[in-house]
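Note sheet for the following structure.
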Amino acid sequence: MSQELTTALECVDKSMRQLRLAMLDIPYRREGFKNQHNTFVRSVAVLRTALSYSRSQLEPPSARRRRRGSPRK
């Protein structure tokens, strides 16, 4: 499950980079587009941060134990 989340976060990062490049060709102040863009980007940043923090909760307990340096059972 953690690998799926990592893949999804990488796709979101790629899409946000593409959006940033696409914004270069769009007039910012056109019909409130800049405000909508900023609201969207902030929302995606909050979502990405929350998903990134939840990654450790999605790992199986045995993987968390190994990562901390505890021996396997």
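Predicted model, so just to flag it, every value in this text is computed and none were measured.
Here Leu5 contributes atom CG and Glu10 contributes atom CD; the two are 10.0 Å apart, rounded to the nearest 0.5 Å.
A donor-acceptor contact shorter than 3.5 Å is absent between the side chain of Ser52 and the backbone of Thr49. With Ser15 contributing its side chain and Cys11 its backbone, the two residues share a donor-acceptor pair below 3.5 Å.
Using a 4.5 Å cut-off on side-chain heavy atoms (C-beta onward), His37 and Leu19 make contact. Within the 4.5 Å cutoff, the side chain of Arg17 has no heavy atoms near those of the Leu21 side chain.
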